[in-house]
Amino acid sequence: MDAPASTPAPTDYQSLRFDYRHHPDQDAGTPVHHPVIVVGAGPVGLALAIDLAQRQVPVVLLDNDCTLSTGSRAICFAKRTLEVFDRLGCGDCMVAKGVSWSVGQVFFRDEQVYRFDLLPERGHERPAFINLQQYYVEGYLAERAAALPLIDLRWSSKVVGIAQHVDHALLTIETPEGSYQLAADHVAACDGSRSDLRRLLGQEAHGRVFRDRFLIADITMDADLPTERRFWFDPPFHPKQSALLHKQADGVWRVDFQLGWEADPVEERKHEHIIPRVRALLDSIGHPGLRFDIVWASVYTFACQRMARFRHGRVLFAGDAAHGVSPFGARGANSGVQDADNLGWKLAAVLKHEAPEALLDSYASEREAAADENIRHSTRATDFITPKSDVSRLFRDAVLELSKRHPFARALVNSGRLSVATTLDASPLNTPDLDAFAGRMVPGASAADAPIVRVDGSTGWLLREIAPVSDASAATRFTALVFGNGEAAQRSLQAIAEAELPLHVARVAACGAGELAAERYDAQPGTVYLLRPDQHVCARWRQPTPQALRAARDRALAKA
């Protein structure tokens, strides 16, 4: 009898080292020209490169290092980001590995103030959040990128110079073998908060720096605790400060302690200072003597800031290179991935001559507005968590006391408004409504998921229907989402056919399991939503005409 096959050991993404490889471009007499060069192979750069490759755009991805991230770093990935990862072909493995959650608890001193549920309604394929260490996210994205032949990922390749010309940008790249140059139609700067490209272009990020320090530590422990976010204001085990506890994959828990500005970051990282803080927290939640091990720790400060403009000629900035926020609310990595989601289809449309370069200006304006929203929420959360005056602290504590009994006060409690997709309601790409609609699916909103019934009677999920990963052509096109059956739906389908546009048509029967989709979209038989390739609504009608469809698509491509 054959021995049973052994299960392969899981990949240790923190210890991976990617080989530097000499590339033929380095031997060319003149700089080789590429459509897009993405700088930075973190979550944002990897997501953008995959998106471009799936849209049949070749991309060179440069990273100055040869490793993925170490330590958990970003851990909370929101529902909208998971939906983007689904479209990129790696959402399933992330959700399977991550810890799904939607419930949180808020404590003031030694009492629970209230519990909340971020996704109380039924009918979503993805959870409100998963907690998953950043090295897993980067690892899964890197594996997906390696499977796509249109991605040329070059490690140990640092950009040390850039010059912009009328028809291209010229990058100077330093490698272990020396320097060489590459030309590109467009460059995406996804190289993080210490962006080399931002510095090389003489640009800065401006905003507010917060004078406080926080300790984050990853610990392993065998504790049977609910999978919930726990946040404490002024707890007995850490008086006058805040604390946070989250569960991650592999039995790892994230603990976060506010330290105050005077704390010594070097000393506070030492295990002999971390251990008593964690021990006091565990004792307070009923686990005295529970054994734990510290696997990673860091002390950080942060700023809420952004660049004035995200587009500088042929260079477009995304993620932490463009904007930074506090970690409260999990808005950093999530907003960065959504930057990539916004930019990918626009770069592809411009490079394929389907849209003018003005479409790239809409990337900047839309994501600058999103950054402002994230910074606003992040700043408010930080001010509530870390009051800077006695009056501010008195107000905060009064709100927390009232929240124990009065729901109205809970809306004022801010332990970090957790990340959701920004509604781009001021976008110039939107076509204003002419028909009356109710609900949240306004032009500029990201499409809401729901269970659906297809016209053939089979069932599925709406977002999978909009952009199936297995259909590359569907991922590159606008989608006409048509609701219902019967005569009204047929008239809408006829209008779509007469518009003679390269649309992906997705049909949803507004009955049975499809009733929830119809409810979320306030849909009647014949209702049509026009969705951009990044699944944001750009127009909707009760009954479209061919002319209205053509005009809305032109507007969404910045042609109008």
Side-chain angles (χ1 to χ4, degrees), residues 47 51 54 76-96 98 100-103 117-130 132 330 334-335 337-338 340-342 344-345 370 418-425 437-455 458-471 474-475 477-484 504-523 527-540:
D51 196 4
Q54 290 188 166
C76 296
F77 293 90
K79 179 176 181 291
R80 179 58 194 153
T81 302
L82 298 177
E83 292 163 352
V84 174
F85 289 154
D86 280 337
R87 188 170 52 73
L88 301 182
C90 48
D92 288 343
C93 59
M94 293 190 188
V95 173
S100 297
W101 67 277
S102 64
V103 173
D117 190 338
L118 295 169
L119 197 64
E121 60 185 14
R122 62 189 176 89
H124 293 270
E125 183 182 11
R126 291 310 186 200
F129 275 87
I130 64 167
L132 184 64
N334 286 294
S335 63
V337 170
Q338 290 161 34
D341 186 47
N342 188 293
W345 74 271
L418 287 151
S419 175
V420 295
T422 300
T423 297
L424 308 170
D425 48 11
F437 281 90
R440 294 182 287 115
M441 288 295 98
V442 299
S446 62
D449 204 8
I452 61 167
V453 175
R454 303 182 185 92
V455 292
S458 61
T459 59
W461 291 99
L462 188 146
L463 293 183
R464 301 276 190 175
E465 196 73 7
I466 291 171
V469 174
S470 59
D471 184 353
R477 299 197 299 260
F478 283 67
T479 295
L481 183 61
V482 183
F483 286 88
H504 170 62
V505 179
R507 296 189 60 186
V508 178
C511 62
E515 289 178 357
L516 186 55
E519 177 186 320
R520 286 184 179 151
Y521 286 78
D522 186 29
T527 294
V528 174
Y529 277 72
L530 187 63
L531 305 176
R532 304 177 347 180
D534 61 358
Q535 301 177 342
H536 278 259
V537 176
C538 59
R540 57 184 178 173

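What you see is a predicted model; the values in this text were computed from it and never measured. Just the heavy atoms: all of them, side chains too, but no hydrogens, waters or symmetry mates, feed the values below.
Under the rule for a side-chain hydrogen bond (donor to acceptor under 3.5 Å, both in side chains), Arg440 has no partner lying at least two apart in sequence or in another chain. For the ring pair (Phe, Tyr, Trp, His ring centres under 6.0 Å) test, residues two or more places apart in sequence or in another chain that qualify with Phe129 are Trp101. For the side-chain hydrogen bond (donor to acceptor under 3.5 Å, both in side chains) test, residues two or more places apart in sequence or in another chain that qualify with Asp522 are Arg542. Taking the side-chain hydrogen bond (donor to acceptor under 3.5 Å, both in side chains) definition, one finds that Asp449 meets it with nothing, sequence neighbours left out. Under the rule for a ring pair (Phe, Tyr, Trp, His ring centres under 6.0 Å), the partners of Phe483 that lie at least two apart in sequence or sit in another chain are Tyr521. Applying the side-chain hydrogen bond (donor to acceptor under 3.5 Å, both in side chains) criterion to Thr423, with sequence neighbours excluded, gives no partner residue. In this structure, the salt bridge (charged side-chain N to carboxylate O under 4.0 Å, His left out) partners of Asp341, at least two apart in sequence or on a different chain, are Arg80, Arg87. Every residue two or more places apart in sequence or in another chain that forms a salt bridge (charged side-chain N to carboxylate O under 4.0 Å, His left out) with Arg520 is listed here: Glu121. Take Asp425 and apply the salt bridge (charged side-chain N to carboxylate O under 4.0 Å, His left out) test, not counting sequence neighbours, and it matches no residue.
Between Thr81 and Gln338, the side chains place a donor N or O and an acceptor N or O closer than 3.5 Å (distance only, hydrogens not considered).
Under a 3.5 Å cut-off, the side chain of Asp51 and the backbone N or O of Asn342 do not form any donor-acceptor pair.
Checked for salt-bridge contact, Glu465 and Arg507 miss the test: no charged N lies under 4.0 Å from a carboxylate O.
Residues Thr479 and Leu530 are not in side-chain contact: their nearest non-hydrogen atoms beyond the backbone lie 4.5 Å or more apart. Residues Met441 and Tyr529 meet the side-chain proximity criterion, which asks for heavy atoms closer than 4.5 Å.
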